[in-house]
Amino acid sequence: MSFPLLTATAALPAIGAVATAAVPAARRTFAKWLALLFSLATLVLAGIALARFEPGGSRYQLTESHAWIKDFGVRYELGVDGIGVALMALTALLIPFVILAGWHDADPLETNSSRWRPTQGFFALILMVEAMVVLSFEATDVFLFYILFEAMLIPMYFLIGGFGDRAHTGSDENAAAQRSYAAVKFLLYNLVGGLIMLAAVIGLYTVTGTFSLSEIAEARANGTLSMATSTERWLFLGFFFAFAVKAPLWPLHTWLPNAMGEATTPVAVLITAVVDKVGTFAMLRFCLQLFPEASKWATPVVLVLALISIVYGALLAVGQRDIKRLIAYASISHFGFIILGIFAMTSQGQSGATLYMVNHGISTAALMLVAGFLITRRGSRLIADYGGVQKVAPVLAGTFLIGGLATLSLPGLAPFVSEFLVLVGAFSAYPAVGIIATTGIVLAAIYVLVLYQRTMTGPVKAEVQGMADLKVRELVVVVPLIALLIFLGVYPKPLTDIVNPAVQHTMSDVQKKDPQPEVEAAQ
């Protein structure tokens, strides 16, 4: 039997979570280094998986299949296509930076010795989330994916509710109440979506007799799969609702600003750059592959919802006074672009959507982590409390600017390539949709540049006069992300080579071809 690389990539952070949680309370520093070590080892395994993946090979590679619950036809089946392996690598890449950025976020509160933050638990929960997210990108059994889709809510709930942002402007009691509200809202929204999906998963098994993606695909190809149109549409809606909550898509998005605003900065990155990608990934892998006709039937409505997310999220970002909530609403707009690319049903749109998932993860992580370093220094999330930072902390201001420019998809940085492909794909199939979506670009320029202007330029406020610049640990977190944004912005080919074959498989699933350009004959 060959080495189970995919299982090892998911199991290693899970083992690390248990080991980190078991470290004695007095050895907090050792627990941090242990968590970082396991995250780096996971990154090595993910890199090996990425290197072994052959873009021109079979659709699902590095596969594993074992009987799990025989009586119900549930199998432990893993396999990655180009989209899954790219997102798995993204997750493994970001977690070490999340751990480094949150190095002191769970330390004891020195101002109140009676309150302790369980450091070991904080880092153990981060590793547990990584394990579940990685495995969800690998799962090719629908039931196995559902278990992971729901189980990752538990550690995320405790990360949001148990480890709040120290820059909260209210009293400790108010901060705890806001944190609890955000955690419960996150859990309830996603649980409702998951319960609806469970009904759809059961319905899928009733119709197909299996949870295996490969068996369902084979039955569809052989013409032996019989699924009534109404049944397929209802099942699609059950799956799509859960994924739209996770994504998040308007109007199911309202949990995200609360969760990101009240969580620590590393946990906010974990939410939007890692966990939320499971929702958009699942739309590609499950909605389009399992329910191709229903996906085409729902496309007009989904495109309208995506457009609303793009414009609505950007407009609310423009009006925000809180730095973290601004980034949260910007992410809602960006997820609208991703979903727009998926349901444009063109190869350019879906390639762009997949690239957007990866590039958004990197750019949002860079911007949010630098914003977190800024907030930690000043102790406030309010934009109005800053001014003139670039004069006292030029490196911090410079990295903040690059992260912001990546967020608005400046040419030469990675998100530009993905956003351009999404708009090209949308415009070629639905010109009006593409035109409306471009307003999101204009609004992004407004909220990013205004944010930079108000926080970094102008007279130096007294409260930021002695602000320190980025330290070595913080530079280790930010510089690689910025370097990656520039590299993939200038040379995206390594990523597109991996993603494009998987996109072609998805296009084949829904039996769609790219619209042919109309060229008028020369007179």
Side-chain angles (χ1 to χ4, degrees), residues 43-44 46-57 61 80-97 137 269 273-274 277 280-281 284 334 337-338 341-342 346-370 398-428 441 444-445 448 475-507 514:
L43 177 59
V44 171
I48 294 172
L50 189 63
R52 289 184 57 185
F53 184 83
E54 299 177 5
Q61 301 179 32
V80 287
D81 59 1
I83 301 170
V85 77
L87 292 175
M88 180 183 71
L90 170 70
T91 302
L93 172 70
L94 292 180
I95 295 301
F97 297 123
F137 291 140
V269 172
V274 176
K277 299 299 186 298
T280 48
F281 163 79
L284 278 167
H334 295 151
F337 276 108
I338 295 172
I342 293 172
T346 60
S347 58
Q348 298 98 329
Q350 293 190 357
S351 293
T354 305
L355 293 179
Y356 216 132
M357 287 187 246
V358 176
N359 295 332
H360 172 264
I362 301 170
S363 63
T364 299
L367 179 61
M368 179 63 86
L369 291 176
V370 177
T399 53
F400 189 82
L401 177 62
I402 295 175
L405 293 177
T407 298
L408 64 81
S409 300
L410 182 76
L413 297 176
F416 170 76
V417 180
S418 46
E419 193 165 281
F420 178 77
L421 284 173
V422 167
L423 291 174
V424 168
F427 188 84
S428 63
I441 302 175
V448 168
L475 287 172
V476 170
V477 171
V478 176
V479 171
L481 295 176
I482 291 177
L484 199 56
L485 286 173
I486 296 172
F487 174 77
L488 292 177
V490 175
Y491 188 63
K493 187 175 183 298
L495 190 54
T496 56
D497 286 347
I498 294 173
V499 165
N500 285 341
V503 168
Q504 294 303 321
H505 283 296
T506 305
M507 291 288 290
D514 291 330

Test side-chain contact (heavy atoms from CB on, under 4.5 Å) applied to Asn500 and Gln504, step by step: CA-CA 6 Å; Asn500 285 341; Gln504 294 303 321; 5.5 Å; no
Quick one: [atom1] on [X] to [atom2] on [Y], what's the gap to the nearest 0.5 Å?
X: Ser409; Y: His334; atom1: OG; atom2: NE2; result: 6.0 Å
X: Phe281; Y: Leu87; atom1: CZ; atom2: CG; result: 6.5 Å
X: Leu284; Y: Thr506; atom1: CG; atom2: OG1; result: 5.5 Å
X: Phe97; Y: Leu43; atom1: CZ; atom2: CG; result: 8.0 Å
X: Leu421; Y: Thr346; atom1: CG; atom2: OG1; result: 9.0 Å
X: Leu481; Y: Thr399; atom1: CG; atom2: OG1; result: 10.5 Å

Sub-4.5 Å side-chain heavy-atom contact between [X] and [Y]:
X: Ile441; Y: Leu408; value: no
X: Leu367; Y: Phe400; value: yes
X: Leu355; Y: Pro415; value: no
X: Phe337; Y: Leu423; value: yes
X: Asp81; Y: His505; value: no

Heavy-atom closest pair, residues [X] and [Y]:
X: Val499; Y: Gly82; answer: CG2-O, 4.4 Å
X: Pro501; Y: Thr496; answer: CD-O, 4.5 Å
X: Val422; Y: Ala353; answer: CG2-N, 3.6 Å
X: Ser418; Y: Gly352; answer: CB-O, 3.4 Å
X: Ala46; Y: Ala92; answer: CB-CB, 3.6 Å
X: Val358; Y: Ala86; answer: CG2-CB, 4.2 Å

Result of checking Thr364, Leu94, Val269 against Leu369 for side-chain contact (heavy atoms from CB on, under 4.5 Å):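 Exactly one pass, corresponding to Val269.
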Candidate list Leu90, Thr354, Leu484, Leu488, test side-chain contact (heavy atoms from CB on, under 4.5 Å), partner Asn359, passing option: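 Considering Leu90, Thr354, Leu484, Leu488, a side-chain contact (heavy atoms from CB on, under 4.5 Å) with Asn359 is found only for Leu488.
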Look only at the side chain of [X] and the backbone of [Y], and say whether a donor-acceptor pair between them is shorter than 3.5 Å.
X: Ser351; Y: Gln348; value: no
X: Gln61; Y: Glu54; value: yes
X: Thr280; Y: Lys277; value: yes

Heavy atoms from other residues, nucleotides or ligands near CZ of Phe427 exceed 12 (cutoff 6.0 Å):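 Atom CZ in Phe427 is not packed in, count stays at 12 or less.
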Check against side-chain contact (heavy atoms from CB on, under 4.5 Å), Leu50 and Ile498: CA-CA 9 Å; Leu50 189 63; Ile498 294 173; 3.7 Å; yes
Stepwise side-chain contact (heavy atoms from CB on, under 4.5 Å) check, Phe416 with Leu410: CA-CA 6 Å; Phe416 170 76; Leu410 182 76; over 6 Å; no
Aromatic plane relationship, Tyr356 with His360 - under 30° parallel, 30 to 60° tilted, over 60° perpendicular: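 Tilted, since the angle between the ring planes falls between 30° and 60°.
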